[in-house]
Amino acid sequence: MEKVFAELQEAIENGETQAAMDKTKDALKLGLRTDKIIQTAINPAFKDLGQKMFDGEIYVTDVLMASRAAHAAMYVMEPIISRFSGATKGIVAIGTVAGDLHDIGKNLVIMMLQGSGYTVIDLGIDVPVETFIDAVRTHKPDVLALSSLLTTTLPELDNLMEALVQQGLRSQVKVIVGGAPVTAEYAGRIKADAYANDLFEATEAVGDLVKNRIGKYAV
Ligand code: B1M
């Protein structure tokens, strides 16, 4: 069992799209759960790549190839994760903030939310504050979810919170923030409603927000 995780991780790190798809199929055939596959093969692949990039062992292009392979693995799992059918539990508008092009984590959060029964409006990457504000007006989501992977784009989270207040929209939507450099402390400082560390916490936190509960991810 560990072999298939190691092989999938290796395929992703090497940017081998077909192998990543095949290994994901193998893992599913072995009866392994999608959350286990994400936690045990996909997340570690990017932890490793991040370190290698930091150490100068690989280049951005290598990471891009790996991202493609990870997306292919996620594509294989998507029908299983998103097979929830029934009335929506709530609407979530999500995007990666302006200046930030990272979307692997955001896409995992989306798959998990969809799989758990939420309607998700994906605003994409490099999303300016105005687009988030438009989405609140147009789609009236229960929750606005912001992802930031760069320290330099963290102030965008604060800008969005300020814009919501200025536009008189703050009471109409709950806000959850996440992404590697985001902390619960920062989320509290900018007066977001919740912070989540990973896709599992994000889904649980959204559940609390939709039900107006002060859950363990409130900040
Ligand atoms: Co970039 N990158 N990157 N990168 N990259 C990081 C983030 C970095 C930590 C690498 C490093 O230096 N060690 C570093 C940021 C440093 C910092 O600011 N603190 C960095 C940098 C510097 C850069 C560039 C500036 C590099 C350059 O060009 N010199 C550049 C910036 C481009 C831009 O955005 N403007 C850049 C570019 C890229 C690629 C395009 C090559 C590629 C992104 C491809 C893509 O996303 N389509 C990339 C990648 C892949 C990474 C690393 C290696 C992996 C990120 C990832 O996908 N992780 C990353 C190093 C690392 O993280 N170890 C790195 C896997 C993913 C599953 O985890 O995204 O953390 P993550 O998501 C998690 C949680 O964070 C959380 O749940 C997810 C699933 O559990 N989460 C949320 C995320 N969003 C959430 C929202 C929520 C709740 C939870 O609620 C709303």
Side-chain angles (χ1 to χ4, degrees), residues 9 12-13 15 34-75 77 81 92-113 115-116 118 120-128 132 135 141-157 160-161 173-184 186-187 190 192-210 217-219:
Q9 179 173 343
I12 291 174
E13 290 195 30
T34 49
D35 55 348
K36 188 93 178 142
I37 297 173
I38 291 167
Q39 278 173 330
T40 319
I42 299 184
N43 281 350
F46 284 99
K47 275 211 179 86
D48 203 29
L49 287 165
Q51 189 56 48
K52 284 181 179 156
M53 192 158 89
F54 187 74
D55 294 342
E57 285 175 36
I58 58 167
Y59 299 102
V60 169
T61 42
D62 298 310
V63 182
L64 276 177
M65 299 287 283
S67 312
R68 263 213 335 233
H71 277 297
M74 280 152 55
Y75 178 75
M77 291 189 284
I81 296 179
V92 182
I94 187 167
T96 303
V97 298
D100 191 342
L101 307 177
H102 295 83
D103 67 354
I104 297 170
K106 169 184 73 68
N107 292 341
L108 289 175
V109 172
I110 290 175
M111 278 207 297
M112 196 71 196
L113 286 171
S116 305
Y118 296 94
V120 180
I121 297 150
D122 183 8
L123 303 170
I125 51 172
D126 193 13
V127 180
F132 282 112
D142 300 286
V143 179
L144 199 53
L146 280 76
S147 179
S148 173
L149 263 285
L150 297 171
T151 314
T152 48
T153 56
L154 276 183
E156 283 297 316
L157 303 176
L160 188 271
M161 297 310 298
V173 69
K174 302 280 189 209
V175 181
I176 177 171
V177 294
V182 186
T183 60
Y186 183 80
I190 64 169
D193 297 295
Y195 158 78
N197 185 47
D198 60 30
L199 65 160
F200 306 104
E201 289 190 7
T203 308
E204 218 181 307
V206 164
D208 288 339
L209 293 177
V210 166
Y217 304 107
V219 289

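Indexing begins at 1, ligand by ligand and atom by atom, following the structure's order.
- Close approach of ligand 1 to L108 (heavy-atom distance below 4.0 Å) involves ligand atoms 67 (C).
- Interface of A145 with ligand 1, defined as ligand atoms under 4.0 Å from a residue heavy atom, comprises 91 (C).
- Per-residue contacts place L146 under 4.0 angstrom from the following atoms of ligand 1 (heavy atoms of the residue considered): 86 (C), 91 (C).
- The shortest N or O to N or O distance between S147 and ligand 1 is below 3.5 Å.
- Comparing G179, G105, A187 against atom 73 (C) of ligand 1, the shortest heavy-atom distance belongs to G105.
- Nearest non-hydrogen protein atom to atom 47 (N) of ligand 1 is D103 OD1, 2.7 Å.
- Against a heavy-atom cut-off of under 4.0 Å, T151 is close to the following atoms of ligand 1: 17 (C), 18 (O), 19 (N).
- Protein heavy atom in closest approach to atom 12 (O) of ligand 1: F54 CD1, 4.2 Å.
- Heavy-atom contacts of S67 reach the following atoms of ligand 1: 44 (C) (cutoff under 4.0 Å).
- A donor and an acceptor atom, one from each side chain of T153 and S148, are located under 3.5 Å apart.
- Applying the 4.0 Å criterion to heavy atoms of I176 picks out, from ligand 1, the atoms 90 (O), 91 (C).
- When distances from atom 26 (C) of ligand 1 to the protein are checked, no heavy atom turns up under 4.0 Å.
- Residue G99 has at least one N or O atom closer than 3.5 Å to an N or O atom of ligand 1.
- With rounding to the nearest 0.5 angstrom, the CG atom of L209 is 11.0 Å from the CG atom of L144.
- Given atom 67 (C) of ligand 1, the protein heavy atom at minimum distance is N43 OD1, 3.2 Å.
- Judged by distance alone, the side chain of D103 and the main-chain N or O of K106 form no donor-acceptor pair under 3.5 Å.
- With sequence neighbours excluded, no residue forms a salt bridge (charged side-chain N to carboxylate O under 4.0 Å, His left out) with K174.
- Protein heavy atom in closest approach to atom 87 (C) of ligand 1: G178 CA, 3.5 Å.
- The backbone and the side chain of L101 each have at least one atom closer than 4.0 Å to an atom of ligand 1 (non-hydrogen atoms only).
- At a cut-off of 3.5 Å, with distance as the only test, a side-chain donor of Q51 or D55 sits close to an acceptor on the other residue.
- Within the 4.0 Å cut-off (strictly below), no protein heavy atom is located near atom 8 (C) of ligand 1.
- Among all non-hydrogen protein atoms, the one lying nearest atom 89 (C) of ligand 1 is A196 O, 3.4 Å.
- How far CD1 of I37 is from CD1 of I42: 7.5 Å, rounded to the nearest 0.5 Å.
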Item to complete: Give the intermediate values and the outcome of side-chain contact (heavy atoms from CB on, under 4.5 Å) for residues V63 and I58.
Response: CA-CA 8 Å; V63 182; I58 58 167; 3.8 Å; yes
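- The residue from I110, L199, N107, N197 that puts a heavy atom closest to atom 76 (C) of ligand 1 is N197.
- Atom 62 (O) of ligand 1 is never approached by the protein to below 4.0 angstrom, counting heavy atoms only.
- The protein atom (non-hydrogen) at minimum distance from atom 65 (C) of ligand 1 is F46 CB, 3.4 Å.
- Applying the salt bridge (Lys or Arg N to Asp or Glu O under 4.0 Å) test to every pair with at least one member in residues 57-67, sequence neighbours left out, gives no pairs at all.
- Listed by chain and number, the residues in a salt bridge (charged side-chain N to carboxylate O under 4.0 Å, His left out) with D193 are R170 (sequence neighbours excluded).
- Per-residue contacts place D100 under 4.0 angstrom from the following atoms of ligand 1 (heavy atoms of the residue considered): 34 (O).
- For atom 51 (C) of ligand 1, a protein heavy-atom neighbour is present inside the 4.0 Å cut-off.
- Summary of contacts: the protein heavy atom closest to atom 39 (C) of ligand 1 is L64 CD2, 4.4 Å.
- For atom 1 (Co) of ligand 1, protein N/O/S neighbours under 2.8 Å (waters excluded) are H102 NE2.
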